[in-house]
Protein chains: 2
Amino acid sequence: MREGPDIARIASLVGDPARANMLNALMGGTALTASELALEAGVSLPTASSHLSKLMEGGLLTLASQGRHRYYGLAGPQVAGMIEAITGVAEAVGPKRVRPGPRDGAMRVARVCYDHLAGEQAVAMLDRLVEKDILLRDDREIRLGPSAPSHFAAIGIDVDAKPRRPVCRACLDWSVRRSHLAGTLGAAILDKILLEKWARREKDSRAVIFSPPGKQAFEKVFLA
Amino acid sequence: MREGPDIARIASLVGDPARANMLNALMGGTALTASELALEAGVSLPTASSHLSKLMEGGLLTLASQGRHRYYGLAGPQVAGMIEAITGVAEAVGPKRVRPGPRDGAMRVARVCYDHLAGEQAVAMLDRLVEKDILLRDDREIRLGPSAPSHFAAIGIDVDAKPRRPVCRACLDWSVRRSHLAGTLGAAILDKILLEKWARREKDSRAVIFSPPGKQAFEKVFLA
DNA sequence: AGAATGCTTCGATAAGGAACGAACTATGCG
DNA sequence: CGCATAGTTCGTTCCTTATCGAAGCATTCT
């Protein structure tokens, strides 16, 4: 009965269906209000509020107050990674509650993971960027290559601004068991994809659907 | 309230303190009996048994019956990875319940992760093996290099036997945020380390303590 | 100021599940 | 064959916690 980090505390926070639904919704990357999360989890507003304060106290969420709106979001990439890991196990072990339909297929191809793109497309993109030495990877560490600033500047992404968060980070992909690109650069690329309307977010899902021309444009820029 | 994989179910299995302690104990890699796990979790035998059947039903454990002994073990590397991910969050978020003492330091340097070595030593080892082209890594995928068979044969490890489980696999390290070597090769190397008595397992802990000559020998073989 | 929205706190209820002792099954030993 | 050890099942008790309605704050709009 040794005392390590309190893993049961964290796991039990995720272990409630209502809270799990909320966290899952937040994996979409956008911060949501208490009412939206209540709807998402299928509980009343007071109940949701209670859950949210527990998640806050547990350090899994961050809160941004804007006037009378209070936006809840995942506390960070590490939390998002944990949720993906649990999802992976649930997926593998689960009694195939949903047969792999077209929606699951879409999730496998491309989905939002917290604030960046995940799925086969994202894995392929990272591979190609590394192959072209635009990014340099050494294990989990990913660094910008010499040609990165000009390459990304050409598509309107500034990688020179140095924010608190790392620019590049590898994030593990449960569907493909490979890594894809996270960090501010990963987030910026997802922004770009949605801004250019190369793809749209599936309503009420983390799936990202590329339009045929959008896919071509994406591949031209990132997989060429 | 969309229906994905049942993440709450899995998380709530880990979310009970008794079960969390059991899983944590099993992260040591050796399968344990119900009585041992009961002791570990600080509960009575019937209680432990009940928890164990829940974990079994949830697909998190495997059971190997040997006579009147029933050995429980983690269901696989994916489950182990999930536990490490949750541990990482708990560690980061946790109210520093235990100040980083010598034991924590040891865990950071080298520890057992399921069936292979983790920690700074393990990360350094993988880096070096890749650097020497004995292993080839491309993202999470790790393959054997041409010189691998002879190199490992020299220290009594046969990498040509092809079992079901992959020979090489990257496993994420919460203490260092980098990957170390898992898979059958990772397991074989840990075996080797313990067999040669280069290091000993800390009693009741996942920490692995190298003796001064053992550390030299290890570095000569794997970090040279 | 007054009304309306967004959210949290309070209080009561109810359900789930963790705990243990006792009884039961199964394997191994003399 | 009996006794001991390892483990599961059963039944009961008890505590935790999820839930919602009603009431209370806070912020914005008119």
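What you see below is based on every heavy atom in this structure, not just the backbone, and it leaves out hydrogens, waters and symmetry mates. The model shown is predicted, which means the values in this text are computed figures rather than measured ones. The sequence lines fix the lettering, A, B, ..., with proteins before strands; numbering per chain opens at 1.
The distance from atom CD of A:Glu36 to atom P of C:dG6 is 10 Å, rounded to the nearest whole Å. Nucleotide C:dA18 holds its C1' atom 14 Å from the CG atom of B:Leu52, rounded to whole Å. Straight-line distance from the CG atom of B:Asn21 to the P atom of C:dA19: 10 Å, rounded to whole Å. When the P atom of C:dT9 is taken as reference, atom CE of A:Met56 falls 11 Å away, rounded to whole Å. B:Leu55 places its CG atom 12 Å from the P atom of D:dT8, with the value rounded to the nearest Å. Rounded to an integer number of Å, the gap from A:Glu57 CD to C:dT9 P is 11 Å. Here D:dA6 presents its C1' atom at 13 Å from CG of B:Leu37, a figure rounded to the nearest Å. What separates CG of B:Leu45 from P of D:dT9 is a distance of 13 Å, to the nearest Å.
When distances run from any side-chain atom of B:Ser49 to the nucleotides D:dA6, D:dC20, D:dT8, the shortest one goes to D:dT8. Here the side chain of B:His69 is nearest to one of D:dC20, D:dA6, D:dT19, namely D:dA6. Checked against D:dC20, D:dA6, C:dA18, the side chain of A:Ser44 finds its nearest nucleotide in D:dC20.
Among the atoms of the strands shown, only primed sugar atoms or phosphate atoms (P, OP1, OP2) are found under 4.0 Å from some heavy atom of A:Tyr72.
An OP1 or OP2 oxygen of C:dA19 is reached within less than 4.0 angstrom by a side-chain nitrogen or oxygen of B:His51. Side-chain N/O atoms of B:Lys54 include none lying less than 4.0 angstrom from OP1 or OP2 on C:dG17. Contact annotation: A:Thr47 side-chain N/O to D:dA18 OP1/OP2 distance is not under 4.0 Å.
Comparing A:Pro46 and A:Ser12 by the nucleotide of DNA chain D that holds the closest heavy atom to each, the one mapping nearer the 5' end is A:Ser12. Each of B:Asp16 and A:Arg70 lies near DNA chain C, and the nucleotide nearest A:Arg70 is the one positioned closer to the 5' end. Comparing A:Val43 and B:Thr33 along DNA chain D, the residue whose closest nucleotide (by nearest heavy atom) sits nearer the 5' end is B:Thr33.
In terms of heavy atoms, B:Ala38 sits closest to B:Leu45 at CB-CA, 4.2 Å.
With B:Phe210 as the fixed residue, the ring-ring contact (aromatic ring centres under 6.0 Å, His included) test singles out one of B:Phe222, B:Phe218, B:Trp198: B:Phe218.
Between B:Arg206 and B:Glu84, at least one side-chain nitrogen of the basic residue sits less than 4.0 Å from a carboxylate oxygen of the acidic one, meeting the salt-bridge criterion. In summary, A:Glu120 and A:Lys215 do not engage in a salt bridge, as defined by a charged side-chain N under 4.0 Å from a carboxylate O. Using a cut-off of 4.0 Å between Lys/Arg side-chain N and Asp/Glu carboxylate O, B:Arg9 and B:Glu57 are scored as not salt-bridged.
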